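What follows is a single structure, written as structure tokens, with notes after it.
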Amino acid sequence: MAGGKIRKEKSKPQQQHTPYQGGISFHKSKGQHILKNPLLVDSIVQKSGIKSTDVILEIGPGTGNLTKKLLEAGKMVIAVEIDPRMVLELQRRFQGTPYSSRLKVIQGDVLKTDLPYFDICVANIPYQISSPLTFKLLNHQPAFRCAIIMFQREFAMRLVAQPGDKLYCRLTVNTQLLARVSHLLKVGKNNFRPPPKVDSSVVRIEPRKPHIEVKQKEWEGFLRICFNRKNKTLGSIFKQKNVISLLEKNYKTLQSLKLSQEGLTKETNMKMDFSGFGNSMEDQGMGMEDGLDEDDEMEIEGGDSDGEEVQSEFKDKVTAVLKEGDFEEKRSSKLSLQEFLYLLSLFNKAGIHFS
């Protein structure tokens, strides 16, 4: 309009993505941080110890900077990528090259994908899937030789922490139960495009062979209690009313199941020839008599005085286990994996279970 001022329209803020030279933009919200430092890529591949016969699993290959080096080192690369744009970029990049026949791209969410056989995993993963992916890999069968994975630095340091370290936690013990974990190198955030907000670390994860045998739910329940207040003494943790109540409930349930099983066994054996069984039937008879008394007590556990007495006796039972292993004054933050396994075995020996 003549003589008037032209009003500049304010442009709406757009979601910022960092462009790739091929026109692809990276989404930080999806954990897309592509390695741009070729020297770092070479270092990761070198530290992976890849053999020429290895089938390599890569998770989140992005535009293929690491993928190319993996193809040069191993027999085959299986790349799992959720972003269809990146899948197309990978296919374009290696189409018509000697590598195309040795690259298999699976489009999908790695957490929901049935993984094929692989010898080694090398990956720069979206950090938001770090924990579930780690345990998915460690539960994969047949077991792979090792995994070389880029994690957010704090998560990585939790995996490699030792008793007494500030970051030593339930994640640490759960991971080290299944694998040996070592720190390989620290990676600054400026090695990525776009740069993340925090530094990263590369760790090596080697599944234990043979596995340490534990009942998973039992182990998880046990550690959950131990690390509820990891800097408190175990004596203090296992005296808490809610902990005693939970363990006592498990104890009574398992005793009832045991007695029911013994009852079925006795009923079956009544129809059998007892010769040659020695004193086993006498032992089972004693178990049944004891069980009738315990069942009667369970039916009246609602009584205040009886309930308090039973809880006090059970509390003493728990304390006795801690004293037996000299754990009463120890803290979860300073216990080794072997000590946790030993303490759980003492509880189980006393008939105390966590699931």
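These values consider heavy atoms only, across backbone and side chains, with no hydrogens, waters or symmetry-generated copies. For the single chain, residues carry numbers from 1 onward in sequence order. Values in this document were obtained by computation on a predicted structure and should not be read as measured data.
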Distance flag, aromatic centroids of Phe354 and Tyr251, threshold under 6.0 Å:
no
Looking at CZ of Phe155 and OG of Ser130, how far apart are the two atoms once the value is rounded to the nearest 0.5 Å?
5.0 Å
Would you say the ring centers of Phe118 and His140 fall short of 6.0 Å from each other?
yes
How far apart are the closest heavy atoms of Glu154 and Leu167, and which atoms are they?
O-CD1, 4.1 Å
Before accepting this row, confirm whether a basic side-chain N of the pair Glu313/Lys315 lies closer than 4.0 Å to the acidic partner's carboxylate O.
no
Minimum heavy-atom separation for Arg102 and Gly74, please, with both atom names.
NH1-O, 3.0 Å
Carboxylate-amine/guanidinium contact Asp54 Arg145, below 4.0 Å
yes
Could you tell me whether Asp109 atom CG has more than 12 heavy atoms of other residues or ligands within 6.0 Å of it?
yes
Inspect the contact between Asp119 and Lys51 and indicate whether a charged nitrogen and a carboxylate oxygen are less than 4.0 angstrom apart.
no
Determine, for Glu324 against Lys349, whether the closest basic-nitrogen to carboxylate-oxygen distance falls under 4.0 angstrom.
yes
Restricting to non-hydrogen atoms, name the atom on Ser201 and the atom on His183 that form the minimum distance, rounded to 0.1 Å.
OG-NE2, 2.9 Å
Look at Glu248 together with Lys317 and state whether they make a salt bridge at an N to O cut-off of under 4.0 Å.
no
Nearest atoms (heavy-atom pairs only) where Thr172 meets Leu159:
CG2-O, 4.1 Å
Note: Glu89-Arg92 ion pair, threshold 4.0 Å (strictly below)
yes
